[in-house]
Amino acid sequence: MDLMIESFPRLLDATILTIELTLLSLFFGVFVGVFFAVLRTSNIKILCCISYYYSYIFRGTPLLVQIFIIYFGFGQVEWLRESFLWIIFKEPYSCAIIAFTLNTGAYTSEILRSAFETIQKGVLEAAYGLGLNKIHVFFKIKLPIVVKQSLPAYGNEMILMLKGTSLASTVTLLDLTGVAKHIISTTFRPVEVFIVAGSIYLLMTFIIHNFVKILEKKLDYSK
Amino acid sequence: MELLAYGDTGWGDELFFATLMTVAVAITAIFIGFLLAAIFASFKLSNTRILNLIGSFYTTVFRGVPELLVIYLFFFGSSGAVMYVAKIFGYDGYIEVNAFLTGAISIGIISGAYSTEVFRGAVQAINRGQFEASEVLGLKKKIYYYKVIIPQMLRLALPNISNVWQITLKDTSLISVTGLVEIMRQSYIAAGSTRDPLFFYSFAAVLYLFLTFLSLKLFNNLEKHYSKGH
Amino acid sequence: MNKFKRLFLSIFASIILLSTSVLADKIKIGTEGAYPPWNAKDESGKLIGFEIELANFLCIYMKHECTIVEQDWDGMIPALVMRKFDAIMAGMSITDERMKTINFSQGYADEVASLAVMKGSSLEGMDTPKAINLSTGGSAVNNALETLTAALTGKTIGVQTATIHQNFLESGDVGKVNIRTYKTQDEVNLDLAAGRIDAALAAAVAFTDYAEKSGKDVVLVGPTFAGGAFGNGVGVGIRKGDNSSAQGKKDAKLLKDFNKAIDTARKQGKISELAIKWFGFDASM
């Protein structure tokens, strides 16, 4: 019990980094996801292929491998170290964000793609028939449908990303899991630390879960 | 390529066996998961409130807490817990809980949380009427479970089981922290020893891609097999 | 019938013999396998290094069979306490901090710590003595620490996690530095060479070994450190034993055995010989 109270402030402190990593990765990940989802619907074969393989590779390999390649692997590439890009790749913080963004981007693009596919042809034909132009149709018809369709799946992805940020601890960052591990390996008391750190994670999942639920209700125009 | 030589001069043989280890752990873990899922899914479907709660607690915790944290709990806690239990029974020696078991159990428990949801969803998706029809036809409970419900459940659940398998397979990379020599751990050792992390981690990625590709093919065939007659 | 009886008896006897030789348990020694030249792994995945060879000799002197077990550094002491193995030989320095949890044999080798940077770093050419011992103190040590503080403040320094090197940087003796902790020394070396960190702190031989094998321009700077947070040499870590339980007695005996074996190894010049082979100089103590 003492250990739980003692370690709580330190773990709470580390939670800030976890939240930061999650939000930033999700934010950038949406852009990457939209970009590749749009590429996927393109009629040009090579663009479609690029998008397909991007999502295939990032969904088919563990996030741990991805973050290790980007941090430890790229750190050994001479020309990268001499280029301006090194400002980004030098820091573990930005490497983690890049890895997380590319990972969540791949999943997001798949979620969006299948949402795009649910749009019925008739709806679009009707819209064009009413004289709406392409941009209008995209923002006023397609996007709202896609957002609504993909919300439940994207909610899950947000939770997966929150858990995924725990891997930041493998590249020297002291996030919630990193600090928890540090406390475990110095006190040899895994259960107490797990309860505290685990509860903080569960609270965050709970918040995300309910946030998505409220959003879903708001977007439900059928009512 | 020299780095991947098979034998004492390269890392080819080590990585080959590590790949087998990854597959072995993943298969053991997913079966542990199925076992847990069978229990907890029936909890969640039962009419007893306390069982419902236990079921929900299990799936919420192990789908909401990072895998790495769960693995640390088992890695640092498992031997202690087992020995504590043994002490109650009067045995005061060291009991080795080996890395394979620690890894398979911790990944299995996580995998089981996902499987529970899959099983529950599949059972719920089967039309109520079918239970009634089987009863009217006078089928014994056992028979209608094996001949009617489970085949349908499998067909419905297969795509989702495929997903759980992919998650489980990828999660095995995290047990490298416990010292079990699977793909990630072996790449880590090779990268450290040769000072060439880019090559070895990229190669690890290729190995994982190969495994996920292979299992996707396998599941596609299974799905075809089970959707016969539809 | 008699024949069968004899056969049966001999089989029975050999089973007992075999099982007792299994029961006469081997000593398990935990090592990291990632801290060359102390302990490392070669291409065939075999453990090599100063401590691996020394461990084999110590076991011969103790007339006991041993197996060497691999364990990540950050779980080393927990694994010993959990009885995953019986002794640690992993370049682990004897410190008061660790003595709170485990016991140590007498030291078998000196670990001299040093800072390392990449050639051309602004930290080169610090005006400090060649070596300082934090336990002795005095104005020379204080002056050296002041010089170090001035040079290192605000710099990012990499260390392996849960090491004496991390403890030293955290003690504030060299001012406020950004400490970055890594899982293994390999990772520290990689990031030092990549320029992600301004300097690194570890056993001096860990850097010279890396520089030699990788061909990178890693150079040692500042004084070498000993005493204080750096402890008193490297020893065999063993669980704290007492007379209250069978296991406790065993652990207490193991400590005595190791101390005796180290005495023998020292007298026969084995430690010096192995140190020269792996470190290039006599680090025995």
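Protein chains get the first letters and strands the later ones, always in sequence-line order, with residue 1 at the start of each. Everything numeric here is computed off the predicted structure, so don't read it as measured data. Keep in mind that the numbers below use all heavy atoms, side chains included, and drop hydrogens, waters and symmetry copies.
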Which heavy atom of [X] sits nearest a heavy atom of [Y], and at what distance?
X: B/Val65; Y: A/Tyr201; answer: CA-CB, 4.5 Å
X: A/Val65; Y: B/Tyr208; answer: CG2-CE1, 3.7 Å
X: B/Leu73; Y: A/Val191; answer: CD1-CA, 3.9 Å
X: B/Ser176; Y: A/Leu64; answer: OG-CD2, 4.1 Å
X: A/Lys163; Y: B/Phe62; answer: NZ-O, 4.3 Å
X: B/Tyr72; Y: A/Thr177; answer: CE1-CG2, 4.0 Å

Working note: A/Leu167 + B/Leu174, criterion side chain to side chain contact (heavy atoms under 4.5 Å, CB included); need CA distance, chi angles, decisive distance, verdict. CA-CA 9 Å; A/Leu167 297 185; B/Leu174 300 174; 3.5 Å; yes

Using non-hydrogen atoms only, which part of [X] is less than 4.5 Å away from chain B: side chain, backbone, both, or neither?
X: A/Tyr56; value: both
X: A/Val193; value: neither
X: A/Thr205; value: side chain
X: A/Ser169; value: side chain
X: A/Ile57; value: both

Heavy-atom contact with chain A under 4.5 Å, split by part of [X]:
X: B/Val206; result: neither
X: B/Tyr188; result: side chain
X: B/Ser187; result: neither
X: B/Val61; result: both

Flag the one option from B/Arg195, B/Met184, B/Lys170 with the top tally of heavy-atom pairs under 4.5 Å to chain A.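 Ranked by heavy-atom pairs under 4.5 Å with chain A, first place is B/Lys170.
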
Take A/Ile69 and B/Ser202 through the side chain to side chain contact (heavy atoms under 4.5 Å, CB included) test and state the conclusion after the steps. CA-CA 7 Å; A/Ile69 291 177; B/Ser202 304; 4.2 Å; yes

Tell me, yes or no, whether the heavy-atom count around [X] atom [atom1], taken from other residues, nucleotides or ligands under 6.0 Å, exceeds 12.
X: B/Phe219; atom1: CZ; result: yes
X: A/Gln120; atom1: CD; result: no
X: A/Asp2; atom1: CG; result: no

Parallel under 30°, tilted from 30 to 60°, perpendicular over 60°: which one fits the rings of B/Tyr201 and A/Phe72? tilted

Options A/Lys181, A/Gln66, A/Gln76, A/His209, ranked by heavy-atom pairs under 4.5 Å with chain B, top entry: A/Lys181

Go through A/Ala197, A/Ser199, A/Gly198 and name the one with the most non-hydrogen pairs under 4.5 angstrom from chain B.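 Greatest number of close heavy-atom pairs with chain B: A/Gly198.
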
How many angstroms lie between atom CZ of A/Phe68 and atom CG of B/Leu198, to the nearest 0.5 angstrom? 13.5 Å

Nearest 0.5 angstrom please: B/Ile183 CD1 to A/Thr61 OG1, how far?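 Going from CD1 on B/Ile183 over to OG1 on A/Thr61, the span is 11.5 Å.
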
